[in-house]
Amino acid sequence: MKVLVPVKRVIDYNVKVRVKADGSGVETANVKMSMNPFDELAIEEAIRLKEAGRVEAIVAVSIGAPACRETLHTALAMGADRALLVTTEAELQPLDVAKVLKAVVAQEAPALVIMGKQAIDDDCNQTGQMLAALLGWGQGTFACSVALAEDSVTVTREIDGGNQTVRLKLPAVVTADLRLNEPRYIKLPNIMKAKQKPLRSLTVQELGIEVAARLKTLQVSEPPPRRSGVKVSSVAELVDKLRNEAKVL
Amino acid sequence: MSVLVIAEHDNTTLAGVSLSAITAAAQLGDEVQVLVAGHGCRAVAEAAARVQGVSLVRYSEAAHYARPTAEDLATLIADLAAEFTYVLAPASTFGKNFLPRVAAILDVAMISDLIRIEGPDRFVRPIYAGNAVATVQSTDPIKVVSVRATAFDAAPMGATAAPIEVLEAKPHSDLAEVLAEQLTQSERPELTAAEIIVAGGRGMGSAEGFRLLEAIADRLGAAIGASRAAVDAGYVPNDYQVGQTGKIVAPKLYIAVGISGAIQHLAGMQDSKVVVAINKDEAAPIFQVADYGLVADLFQALPELEAELNRVLAK
Ligand SMILES: Cc1cc2nc3c(=O)[nH]c(=O)nc-3n(C[C@H](O)[C@H](O)[C@H](O)COP(=O)(O)OP(=O)(O)OC[C@H]3O[C@@H](n4cnc5c(N)ncnc54)[C@H](O)[C@@H]3O)c2cc1C
Ligand SMILES: Nc1ncnc2c1ncn2[C@@H]1O[C@H](COP(=O)(O)O)[C@@H](O)[C@H]1O
């Protein structure tokens with residue numbers, strides 16, 4: 001069976017983002033970019049399913065600027081078999097991404113799509129659910145464990161009160177949560193090998209998709225800063241301040 | 001303008017986060033309806049009917065709505081949505097699961113994590129783990145929005161009860177089946193509803209270490225939270241996680257112990273009214289958001305804190 005893994009190129013999670021002075025967005029020039037951490041978990045899960053003999057092929061796909069090629073190289077170096085780059089210069093929102101992915105699914109016919117639950121730039125947490133809806137497939141979101149059978153997949157999901165286990169008919173969409181696995185480190189020789197793996201590039205137009213952002217970003221600003229606090233020298237002073245100054249005890 | 005709010009509940013009680021979503025709804029429209037889909041949950045529908053600002057409750061009852069799948073909920077809601085300008089749900093794991101599915105069926109965008117309303121089509125939401133906030137304008141005929149509960153007060157109970165109208169359930173889809181749920185049992189208040197939270201990080205060292213926090217939580221009637229590192233290490237269950245990808249909380253008092261203050265953690269708690277940090281590293285970033293910081297070894301400070309609380313609160 002084939003697994004499709006969508007991976008997004010985002011500002012690295014260690015970077016402290018800065019809002020542009022004109023309020024049009026955040027500073028991306030000369031900023032370290034990486035694969036969205038949740039997508040690393042998705043790739044890792046696909047590789048483990050392949051290593052367990054349940055999956056034959058892993059196709060990674062990234063949509064966006066030509067620089068997404070780097071993200072796909074990371075996916076290939078981790079262990080994806082081939083990659084697909086879908087380019088567009090337009091701003092992408094989850095609904096558009098889901099439509100592009102639907103078109104990719106139509107070409108690739110995977111039995112399973114594993115993706116991140118959330119991109120850490122837009123923090124939307126939407127694309128997987130939207131893709132599942134557009135395809136008329138079942139969805140297993142916020143997965144912390146995935147068990148693949150012949151015609152179904154059983155997913156344990158992290159929910160607010162604990163865990164929930166669902167069984168989905170295949171084909172299906174699964175979105176990865178933090179505790180799904182621990183992504184492997186990439187070994188140097190694999191980076192070289194990844195360069196030999198096939199990477200096909202096409203445009204959003206070639207897939208027949210019209211990208212049309214429905215949400216217009218009017219302004220991006222810094223959140224109001226927290227006023228700076230004080231250091232206390234003892235537990236007694238802390239409790240006294242909480243009771244008599246902050247009045248929260 | 002009419003707003004449909006999807007109620008979160010456990011078939012017995014209406015979740016507090018639903019009340020925050022109703023407050024947001026009342027800011028958007030003059031006609032606020034609530035959908036209660038569940039099984040044997042008439043009491044929830046009645047509770048929703050008594051919330052101030054609610055004009056009608058749509059009540060849909062079926063065995064497969066006891067623990068509804070996103071697939072089943074989305075079909076029900078998408079069908080109903082045509083009557084409304086807005087469809088809202090709490091930005092909890094419940095709402096996040098089915099709401100994007102509804103939006104995609106309706107072919108509209110979704111606005112995640114609403115924190116402020118600036119106009120009928122203008123919404124403010126955090127991005128980049130709350131390091132920036134974006135104001136977005138929606139051009140869609142139906143606006144599908146998840147509401148961050150900490151940004152809106154809970155709607156109060158009203159003087160009268162709205163009518164309850166039965167909505168026919170849709171057939172169960174065989175795309176997905178809920179097999180089981182393992183819910184954390186706790187006597188303590190729920191994280192997102194608690195007035196006081198004591199949270200521990202990797203510095204707690206072990207599950208036993210968390211007992212020190214439990215004693216203090218019990219003394220204060222507080223909930224217990226955790227950093228991702230503490231959850232990953234298995235000290236506490238996953239639903240204790242506070243942060244960008246965990247729970248978003250804004251209690252009156254948040255006490256962070258042995259937590260360094262990574263941006264992903266701050267994203268979940270920086271709207272707390274008063275923040276206390278206890279950490280042995282005086283350079284820990286958590287101190288930058290703390291109103292009161294105590295540089296100390298937690299294994300010494302926590303027993304002291306417990307004793308001090310016992311002393312002063314007993315009076
Ligand atoms: C995609 C992504 C999403 C994430 N989402 C979240 C999230 O939702 N929530 C979250 O919390 N994290 C999240 N993280 C992880 C985050 O980046 C940090 O790794 C994590 O918050 C660190 O947890 P910590 O502060 O407990 O551990 P550490 O950073 O290891 O800090 C431990 C602290 O304890 C202190 N300490 C140790 N011993 C003692 C002692 N005896 N007395 C006093 N102090 C002591 C140390 O000085 C240190 O400051 C996410 C990361 C990624 C990549
Ligand atoms: N431009 C993109 N290219 C490939 N995958 C994407 C893209 N945008 C989003 N995704 C996938 O969708 C997931 C959720 O993103 P979001 O809904 O934006 O939070 C991500 O973790 C990715 O797996």
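Proteins come first, then strands; the chains are lettered A, B, ... in the order of their sequence lines, and each starts at number 1.
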| task | Check each atom of Leu253(B) against the heavy atoms of chain A and say whether the ones under 4.5 Å are side chain, backbone, both or neither. | result | side chain
| message | So which residue, Leu168(A), Leu218(A), Val166(A), Val220(A), ends up with the most heavy-atom pairs under 4.5 Å with chain B? | response | Leu218(A)
| request: Determine the option with the most heavy-atom pairs under 4.5 angstrom with chain A, choosing from Ile278(B), Val275(B), Val124(B). | output: Val275(B)
| message | Taking side chain as everything from C-beta outward and backbone as N, CA, C, O, which of these in Ile263(B) sits under 4.5 Å from a heavy atom of chain A? Side chain, backbone, both or neither. | response | side chain
| said: If I compare all heavy atoms of Arg101(B) with all of Ala133(A), which pair ends up nearest, and what's the gap? | reply: CG-CB, 3.4 Å
| remark: Bottom line for Gln241(B): the part with an atom under 4.5 Å from chain A's heavy atoms is side chain
| said: Under 4.5 Å from any heavy atom of chain B, what part of Tyr13(A) do you find: side chain, backbone, both or neither? | reply: both
| message | Please find the pair of heavy atoms, one from Pro100(B) and one from Gln126(A), that lie closest to each other, and give the distance. | response | CB-O, 3.6 Å
| Top contributor to chain A contacts, counting heavy-atom pairs under 4.5 Å, from Asp113(B), Val108(B), Thr192(B), Thr69(B) | Val108(B)
| query | Is it the backbone or the side chain of Val19(A) that comes under 4.5 Å from a heavy atom of chain B, or both, or neither? | reply | side chain
| said: To the closest 0.5 Å, what do you measure between CG (Leu215(A)) and CZ (Arg122(B))? | reply: 13.0 Å
| field | Atom group of Val26(A) that falls short of 4.5 Å from chain B, counting heavy atoms | value | side chain
| Largest heavy-atom contact set with chain B, pairs under 4.5 Å, which of Gly128(A), Gly138(A), Gly161(A), Ala119(A) | Gly161(A)
| request: Rounded to the nearest 0.5 Å, what's the gap from CG on Leu175(B) to CZ on Arg167(A)? Could you check? | output: 12.5 Å
| request: Quick one: which of Thr184(B), Leu309(B), Leu294(B) has the most heavy-atom pairs under 4.5 Å with chain A, could you say? | output: Leu294(B)
| task | Select, from Gly246(B), Ala132(B), Pro237(B), the one with the greatest count of heavy-atom pairs under 4.5 Å involving chain A. | result | Ala132(B)
| field | When Ile127(B), Thr135(B), Ile111(B) are compared by non-hydrogen pairs under 4.5 Å with chain A, the top option | value | Thr135(B)
| Contacting moiety of Arg125(B), where chain A heavy atoms sit under 4.5 Å | side chain
| Hey, does Val235(A) have a side-chain heavy atom less than 4.5 Å from the side chain of Leu302(B)? | no
| task | Determine whether Val276(B) and Leu238(A) make a side-chain contact, defined as any pair of heavy atoms from C-beta on separated by less than 4.5 Å. | result | yes
| message | If only side-chain N and O atoms count, and only distance matters, is there a donor-acceptor pair under 3.5 Å linking Asn131(B) with Glu222(A)? | response | no
| Side chains of Gln164(A) and Arg67(B): is there a donor and an acceptor less than 3.5 Å apart? | no
| task | To the nearest 0.5 angstrom, please state how far the CE atom of Met110(B) sits from the SG atom of Cys124(A). | result | 8.0 Å
| field | Side chain, backbone, both or neither of Ile11(A) within contact of chain B (heavy atoms, under 4.5 Å) | value | side chain
| field | Structural part of Val230(A) lying under 4.5 Å from a heavy atom of chain B | value | both
| Under a 4.5 Å cut-off applied to non-hydrogen side-chain atoms, are Asp123(A) and Gln244(B) in contact? | yes
| request: Would you mind checking which part of Ala301(B) comes under 4.5 Å of any heavy atom in chain A, side chain (CB onward), backbone (N, CA, C, O), both or neither? | output: both
| message | Using a 6.0 Å cut-off, check whether atom CD of Gln205(A) has over 12 heavy atoms from anything other than its own residue. | response | yes
| Atom CZ of Phe287(B) and atom NZ of Lys231(A): how far apart are they, to the nearest 0.5 Å? | 5.5 Å
| request: State whether the number of non-hydrogen atoms from other residues, nucleotides or ligands found under 6.0 Å of Gln300(B) atom CD is greater than 12. | output: no
| message | Using side chain to side chain contact (heavy atoms under 4.5 Å, CB included), reason through Asp107(B) and Lys99(A) one step at a time and then give a plain yes or no. | response | CA-CA 10 Å; Asp107(B) 191 30; Lys99(A) 287 178 180 176; 2.7 Å; yes
| Contact origin within Tyr240(B) toward chain A - heavy atom pairs under 4.5 Å | neither
| query | So, do Leu183(B) and Ile159(A) sit near enough that their side-chain heavy atoms are less than 4.5 Å apart? | reply | yes
| said: Return the OH to CZ distance between Tyr128(B) and Arg18(A), rounded to the nearest 0.5 Å. | reply: 13.0 Å
| When rounded to the nearest 0.5 angstrom, what distance separates OG1 in Thr139(B) from NZ in Lys216(A)? | 9.5 Å
| message | Looking at every non-hydrogen atom in both residues, tell me the closest pair between Gly162(A) and Asn238(B) and how far apart they are. | response | O-ND2, 3.6 Å
| query | Please walk me through it: do Asp291(B) and Arg227(A) pass salt bridge (charged side-chain N to carboxylate O under 4.0 Å, His left out)? | reply | CA-CA 8 Å; Asp291(B) 299 276; Arg227(A) 68 191 140 71; 2.8 Å; yes
| query | In terms of heavy-atom pairs under 4.5 Å with chain A, which of Glu304(B), Lys247(B), Glu177(B) leads? | reply | Glu177(B)
| message | Pairing donors with acceptors under 3.5 angstrom, does anything connect the side chains of Asn163(A) and Glu181(B)? | response | no
| request: Could you tell me which portion of Leu99(B) (side chain, backbone, both or neither) has an atom closer than 4.5 angstrom to a non-hydrogen atom of chain A? | output: neither
| field | Contact winner vs chain B - Leu178(A), Thr141(A), Thr217(A), Leu242(A), heavy-atom pairs under 4.5 Å | value | Leu178(A)
| task | Heavy-atom distances under 4.5 Å only: say whether Ser152(A) touches chain B with side chain, backbone, both or neither. | result | neither
| said: Hydrogens and angles aside, do Arg214(A) and Gln137(B) bring a side-chain donor and acceptor to less than 3.5 Å of each other? | reply: no
| field | chain A contact via Asp10(B) - side chain, backbone, both or neither, heavy atoms under 4.5 Å | value | neither
| query | Is chain A contacted by the side chain of Glu195(B), its backbone, both, or neither, given a heavy-atom distance below 4.5 Å? | reply | neither
| request: Answer with side chain, backbone, both or neither: which region of Asp121(B) has an atom nearer than 4.5 Å to a non-hydrogen atom of chain A? | output: neither
| task | Over all heavy atoms of both residues, which pair between Gln270(B) and Arg226(A) is shortest? Give the atoms and the distance, please. | result | O-NH1, 2.6 Å
| task | May I ask you to decide if Lys96(B)'s main-chain N or O and Gln129(A)'s side chain share a donor-acceptor pair within less than 3.5 Å? | result | yes
| message | For Arg184(A), I'd like to know if atom CZ has over 12 heavy atoms of other residues, nucleotides or ligands within 6.0 Å. | response | yes
| Part of Ala98(A) lying under 4.5 Å from any heavy atom of chain B | neither
| message | How close do Leu313(B) and Arg243(A) get, counting heavy atoms only, and between which atoms? | response | CD2-NE, 4.2 Å
| Which one, Asp160(A), Leu249(A), Thr175(A), leads in non-hydrogen pairs under 4.5 Å with chain B? | Asp160(A)
| said: Looking only at side-chain N and O atoms, does Glu245(A) offer a donor or acceptor that is under 3.5 Å from a partner on Tyr292(B)? | reply: yes
| task | Over all heavy atoms of both residues, which pair between Ala246(A) and Val274(B) is shortest? Give the atoms and the distance, please. | result | CB-CG2, 4.0 Å
| message | At a 4.5 Å cut-off on heavy atoms, which part of Val173(A) comes close to chain B: side chain, backbone, both, or neither? | response | neither
